[in-house]
There are 2 protein chains.
Amino acid sequence: MPETPRRPDSRYGNRPTMKDVAARAGVGLKTVSRVVNGEPGVTPETERRVQEAIDALGFRRNDSARVLRKGRTASIGLVLEDLADPFYGPLSRAVEEVARAHGALLINGSSAEDPDREQELALALCARRVDGLVVIPAGDDHRYLEPEVKAGVATVFVDRPAGQIDADCVLSDNFGGARGGVAHLIAHGHRRIGFIGDMPRIHTAAERLRGYRTAMEDAGIEVADTWVSLGTTDPDRVRRAAEEMLSAPEPVTAVFSGNNRVTVTVIRVLAERARRVALVAFDDLELADLLEPGVTVVAQDAAALGRTAAERLFRQLEGTLVVPERIELPTRLIARGSGELPPAD
Amino acid sequence: MPETPRRPDSRYGNRPTMKDVAARAGVGLKTVSRVVNGEPGVTPETERRVQEAIDALGFRRNDSARVLRKGRTASIGLVLEDLADPFYGPLSRAVEEVARAHGALLINGSSAEDPDREQELALALCARRVDGLVVIPAGDDHRYLEPEVKAGVATVFVDRPAGQIDADCVLSDNFGGARGGVAHLIAHGHRRIGFIGDMPRIHTAAERLRGYRTAMEDAGIEVADTWVSLGTTDPDRVRRAAEEMLSAPEPVTAVFSGNNRVTVTVIRVLAERARRVALVAFDDLELADLLEPGVTVVAQDAAALGRTAAERLFRQLEGTLVVPERIELPTRLIARGSGELPPAD
DNA sequence: TAGAGCCTGGACAACGTTGTCAGATGCGGG
DNA sequence: CCCGCATCTGACAACGTTGTCCAGGCTCTA
C-alpha cells in the first residue's frame, strides 16, 4: 500500500502556503496570489475572505518560490574586507540605502582579505541568484566571475580595481591623495619622510606608495630604503616599523601613514616619544581632530564610494549602462596640526 | 496555433540548468545533481564528463530552487540600527563569523531606529525564509514575529530586550555598568554629575539612566532636573545639553555620557572649555586612550554580544534549546584619566 | 551457470509560487 | 428572452532542484 508521502524534514515548520489559505477561504489558488500581490480583479468581498484566512493562518509568502518563478531576487550582494573596520561600515550602509531605494535587500560577507574566501563568498551569493554584486576585491584575479557577469549579474568593484576582467570600478584617488599628503609634509620643510603602509599586493596600498614616491621625486628627494615599510596592519608589525624609522641614525621627521588601521598604531608610537614627529594619515578617524596635535588626514568618502557603486549597479540592472567605466573619487586633505609640525632635529 | 511558450522576462539571463548540463554530458538529471552535491554513486568517468559540461556551460546551482525543495536557506538575518555605527560593525562581524562556521550567510539591514522599518525588514527576511533572525530592536512590540517564531524561525534579540514576546535576549549590563561608572565619579569627589543620554524609549538608554539615578541615590545625592538630558544623539542637541549643564549657576563638575554617539560630541564641548570637567562614557572609542586626558569608559563587548546571540540562535536551530533565556553580559570600567579628575570649583 | 546482491543511472513527483488561458457569472441591450 | 461583453475566478503548467524508487548491468558465490 502506498505510504502517505512524508514531507521532507521539518519543512519551515510546516508553514501555511497559498494552497492552505485558498482552502480555508474557499477560493482558488490564483485568487490568493492575486490578493497577496495586490493584483486587480478581485471583489472586495473575496479579498476580505482571503485576507482573513491569511491573518488567521499567519501566512507569509515564500519568496524562494517567488524568486524561482520570477527570476529576480531583489537582493544584491556585497563582499568586503571586514565589516568591523570603521571604513567599511559606512560604505556598507550607503550601499544598503541605495538598495533599499530600489526595493532590494543587501547580503554581505567579509572576505578577511583572503582571495579564496572572497571567491567562495561571491560565488555563494551568485548561487543565491543575487541580482548584482558589489565587490571590494581581496584577490587580483576575478575571471571566476566571468560566467556570472555573462549570465547577467550586475557587478561593480569598489575601492580596488577588478583583476583580469572588464568591469565597473569605483575608486578613490589613492595616488593623488597620497601624493598631495606627502607634498604637504614637504611643503612644511620635511625631507626625511617615512611611509608605513599595507601589503603591497593590495591595490590601494600600492597606489598610495606610488603617490608617496612621486611626491618625493617631485621634490628631488631620494627615498632611503629604511623609510618605507609595508606589511600587515598588525599593531606589533606597525609599531616595530615606526620605531625603527624613528630611531635610525638619521631618523625621519615625518610619517605618512597608509590607512586607518596603521594610523591608530602610529599615533600611539608617536605619542610615546618626546620629539614631535609630523604625521599625515590616509583615511579620516573619528576623534582625529581632538588629539593633540590634531591629526592631518587625507580623507576619502567611504559613503560616497558605496553610494556611487550601488547606483551604478542598479543602472546596470536597468540596462542603461553598457560600457564598463572606471570612476575615481577625489580625496580631501584636512589639515589639523600634525601635518604642519616643522621638522624637529 | 500554439505559440512557443516564451520564458518569463530575462530569466537570469537564461542561465544553464542541470538539465542543460545533463543533456550536454549525456546523462540523467539526477546524476548531475549527484555530482554537484558530491553524493556517492557516480563513476569517476561519468563524474568527469559531468564536470566538463559544468565548466563548459558555466553552470552554477540555483539555490532558490534548492531552498524551495529542502526547506532550509542556510542564511540568517540581522536587523540592526545602523551598520555605520562603530558599535554595530563588530557586532555584525561577530554574527557573520558564527554564521560562517555553520555554513550560513548573513543578510543584514539597518532599521535606522525606526520601529516600522524594523518590522518591514524583519518580515522581508522571513519572507526569504531565513533560518533565523537576530534582531536589535528599534520598537518595543514584537508580536508581529509570533507567527514566524511559531513557524520555526529561530529568533534572538540583542542589545535590547524583545517587547511583548517571549524570546532569547542577549544584553549588556547597562544598569550595572552605568551605576558603576557614576559611582566611580562619586568616589572621586563629584556630587554634581550630569547625565546625557539617548531617547528614553530606547531600553539601553533607560537602563543606563536608572543606573545613574541609583548610584546617585546610593550616595545620598539628590539629582537636580537640569542635570539630566535625554534626546536624540544629534550633535547639536547634545552640544546644547552639555553647555547648559556646564553653564548653570551651580554647574556640574562631571558628566556621564550615555553612549558613543553622545560621547564624541561631549568630548568636543569639554575640550573647548578651560575648566576641566570629569567624564565617564558608556561605550569604548577607538582613540579614547590617546586623548588628553584619556577617556574613562564603561566598555561593553560588542563582538561578544553578537557572538553569544548567534551561537544561541544556532543552538535553537539544532533543537537543543527550548526555554527562552535572558543573558546579561558584564561591562568593564576602564579608567584612563577623564573619570579621575577631581571636581574643579 | 543461475541466482543473489550491489552499484550506477534515470524517470518522476514534489517544493510554493506566478503566468496563461479558459470557464463562470452577471449585466445591459436588442 | 437571449446574446455579447466585461468582470471575476480557477485549473494548469512551468520555474530548477532534490528525494524516492526502480531498472539494468555487473560481480560474486553456490
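Below, read A as the first sequence line, B as the second, and so on, with proteins coming before strands; counting in each chain starts at 1.
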Participant: Do the side chain of B/Asp82 and the main chain of B/Ala112 share a donor and acceptor less than 3.5 angstrom apart?
Facilitator: no
Participant: Find the distance B/Arg66:CZ to C/dC15:C1' and express it as a whole number of Å.
Facilitator: 14 Å
Participant: Taking the side chain as everything from C-beta on, heavy atoms only, tell me whether A/Leu106 gets closer than 4.5 Å to A/Ser92.
Facilitator: yes
Participant: Under 4.0 Å between a Lys/Arg side-chain N and an Asp/Glu carboxylate O for A/Glu325 and A/Arg312?
Facilitator: yes
Participant: Would you say the side chain of B/Arg129 and the base of C/dG16 hold a donor-acceptor pair, judged only by whether the two atoms sit under 3.5 Å apart?
Facilitator: no
Participant: Would you say A/Thr17 and A/Asn62 make side-chain contact, with heavy atoms under 4.5 Å?
Facilitator: no
Participant: Base, sugar-phosphate alone, or nothing: which one does A/Asn37 contact when heavy atoms must sit under 4.0 Å apart?
Facilitator: sugar-phosphate
Participant: Taking for each residue the nucleotide of DNA chain C bearing the nearest heavy atom, is the 5' side occupied by A/Val36 or by B/Pro40?
Facilitator: B/Pro40
Participant: Regarding B/Arg61, tell me which of base, sugar-phosphate or nothing describes its non-hydrogen contacts under 4.0 Å with the strands shown.
Facilitator: sugar-phosphate
Participant: Could you check whether atom CG of B/Asp140 has more than 12 heavy atoms from other residues, nucleotides or ligands sitting under 6.0 Å from it?
Facilitator: no
Participant: Compare side-chain N and O positions of A/Ser64 against OP1 and OP2 of C/dT17 and report whether any pair is under 4.0 Å apart.
Facilitator: no
Participant: Expressed in angstrom and rounded to an integer, what is the separation of B/Leu68 atom CG from D/dG19 atom C1'?
Facilitator: 14 Å
Participant: Report yes or no: is there a donor-acceptor pair, N or O only, under 3.5 Å between the side chain of A/Lys30 and the base of C/dG19?
Facilitator: yes
Participant: Where is the tightest heavy-atom contact between B/Gly77 and B/Leu125, given as atom of each residue plus distance?
Facilitator: CA-CD1, 4.0 Å
Participant: Any side-chain N or O of B/Lys70 less than 4.0 Å from the OP1 or OP2 oxygen of D/dG19?
Facilitator: yes
Participant: When the C1' atoms of the five terminal pairs at each end define the local axes, what inter-axis angle does the helix from C/dT1-D/dA30 to C/dG30-D/dC1 show, to 10 degrees?
Facilitator: 60°
Participant: B/Asp63 CG to D/dT17 P: how many Å, rounded?
Facilitator: 9 Å
Participant: Contact class for B/Val27 (heavy atom, under 4.0 Å): base, sugar-phosphate, or nothing?
Facilitator: sugar-phosphate
Participant: How long is the line joining CD of B/Glu39 and P of C/dG9, in whole Å?
Facilitator: 13 Å
Participant: Could you please name the option among D/dG10, D/dG16, D/dA14 that lies closest to any side-chain atom of A/Thr31?
Facilitator: D/dG10
Participant: Return yes if the base of D/dG16 and the side-chain atoms of A/Arg69 contain a donor-acceptor N/O pair under 3.5 Å, otherwise no.
Facilitator: no
Participant: Take the protein atom CZ of B/Arg34 and the nucleotide atom P of C/dG9, then report the distance between them rounded to whole Å.
Facilitator: 8 Å
Participant: Under 4.5 Å between any side-chain heavy atoms of A/His102 and A/Val98, yes or no?
Facilitator: yes
